Chemist: 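The structure is given below, and queries will be raised subsequently.
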Amino acid sequence: MEEEDPAVNWDSSEKESFDRDRHILYLQMMYQLLPSPYQGQEINRLTLAYFVISGLDILQALDRIDKESVINWVLSLQAHPKNEGTLENGQFYGFHGSRSSQFQSNDSGALTPNGSHLASTYCALAILKSVGYDLSLIDAELLLKSMKNLQQPNGCFMPIHTGGETDLRFVFCAAAICSMFKNWSGMDREKAKEYIISCQSYDGGFGLIPGSESHGGATYCAVASLKLMGFIDEDALSKPARCHCINVPLLLEWSLQKQAVDGGFQGRSNKPTDTCYAFWIGGVLRILRADKFINKKALREFLLTCQSKVYGGFSKFPRLLPDIYHSYYGFCAFSLLKEPALNSLSVELGLTNVAAIGLQSFGL
């Protein structure tokens, strides 16, 4: 999707503002029909849907979709055991990312029984909460019991029941899933905490795995997971360093150093600024209650250079066409910047506060 937008006069001096109405139209278009460049992302259709549905929630525009149809579609992607005997085979009974992973074939042509994925399960539950579905209607005990099989001896998680990467992304997915169910039987939090601690680098940020380069997305996954699991206090900055399980002062320094001279955030040192890191790193600073140190005016100005004046949505870098991923995290960033007429975020969960707490609690 990284093509230059040919329809925009980039030399225009017209003052930019957050174009909520155009962003809603962009997400409505994505809800109705994904453009052809997304064909290669078919296996991640549920994740794309999460960006669209949760994005509309941030924009206070969930009335533009058929919530009942969304619920039925998401629930149709859930994996179910054939019988009680299959519960002990180590498989994960979460949600498939799409129809194509739901009916995946093995080398012999026979259909494999289960391709459900931890990230898809997080997205499924996030969508369901966004549209007001009661998660108590899902068999949480079954899902969490099978999810615990994915946790490795070092505390990390695999995303699927066989042959997958293990890194902080899936620790976050597991923590968020447990948090949404309000049931922590699906993971060993102490082991997960120790794995996260092992991923903090010498510079204060976190790599996806121990010993790897600090990265904005990995750092968010680490900090958000610790927050969800109860290992980061509300007043973390006011406590002595010895009170924390991670090096908070060094983390704060690394995070603040990622805001570049153009106002945007870098995901790694010496990399270009990118829309999505306004949330990944801005979110870390919000969890630490250190977002007051962000140059918000400069960040807003950078983000507006990535806003599409024609289609709505946001691009990764200025002058490019928008895409669903960067659009969603652009909306998240503007929510963190307290843009009017946007729902506030439960940053550590990756949802609006309305969705995280429950629509019923708001009388909706």
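Predicted model, so just to flag it, every value in this text is computed and none were measured. Residue numbers run from 1 in the order of the sequence given. Only this structure's heavy atoms are used, side chains among them; waters, hydrogens and symmetry mates stay out.
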Chemist: Strictly by modelled atom types, are Y277 and H215 linked by a side-chain donor-acceptor pair under 3.5 Å?
Modeler: yes
Chemist: For residues I160 and V171: do they belong to one hydrophobic cluster (side chain heavy atoms under 4.5 Å, members Ile, Leu, Val, Met, Phe, Trp, Tyr)?
Modeler: no
Chemist: Any Lys/Arg nitrogen of K193 or E190 sitting under 4.0 Å from an Asp/Glu carboxylate oxygen of the other?
Modeler: yes
Chemist: If Ile, Leu, Val, Met, Phe, Trp and Tyr residues are connected whenever their side-chain heavy atoms lie under 4.5 Å apart, and connections chain through other members, are F231 and L250 in the same group?
Modeler: no
Chemist: Before you tell me yes or no, could you show the steps for L46 and W73 under side-chain contact (heavy atoms from CB on, under 4.5 Å), namely the whole-Å CA-CA distance, both residues' side-chain angles and the distance that decides it to 0.1 Å?
Modeler: CA-CA 10 Å; L46 195 50; W73 176 71; 3.6 Å; yes
Chemist: Taking the inter-plane angle between the rings of F172 and Y122 on a 0 to 90° scale, is it parallel (under 30°), tilted (30 to 60°) or perpendicular (over 60°)?
Modeler: perpendicular
Chemist: Less than 4.5 Å apart, any side-chain heavy atom of Q28 and any of I24?
Modeler: yes
Chemist: Can you check whether R20 reaches E339 side chain to side chain, under 4.5 Å on heavy atoms?
Modeler: no
Chemist: Just say parallel, tilted or perpendicular for the rings of F18 and F314, cut-offs at 30° and 60°.
Modeler: parallel
Chemist: Relative to the ring of Y329, is the ring of F51 parallel (under 30°), tilted (30 to 60°) or perpendicular (over 60°)?
Modeler: perpendicular
Chemist: Do L25 and F331 sit in the same hydrophobic cluster, where Ile, Leu, Val, Met, Phe, Trp and Tyr count as joined when their side-chain heavy atoms come under 4.5 Å apart?
Modeler: no
Chemist: Is it true that D233 and H244 share a donor-acceptor pair across their side chains at a distance under 3.5 Å?
Modeler: no
Chemist: For the residue pair Y328 and Y50, is the inter-centroid distance of their aromatic rings smaller than 6.0 Å?
Modeler: yes
Chemist: So does K309 pair up with E16, basic N to acidic O under 4.0 Å?
Modeler: yes
Chemist: Membership question, hydrophobic clusters at under 4.5 Å side-chain separation (ILVMFWY): are M158 and F95 in the same one?
Modeler: no
Chemist: Checking F92 against M147 for the side-chain contact (heavy atoms from CB on, under 4.5 Å) test, could you report, in this order, the C-alpha distance in whole Å, the side-chain angles of both residues, the deciding distance, and whether it holds?
Modeler: CA-CA 6 Å; F92 173 49; M147 187 179 83; 3.6 Å; yes
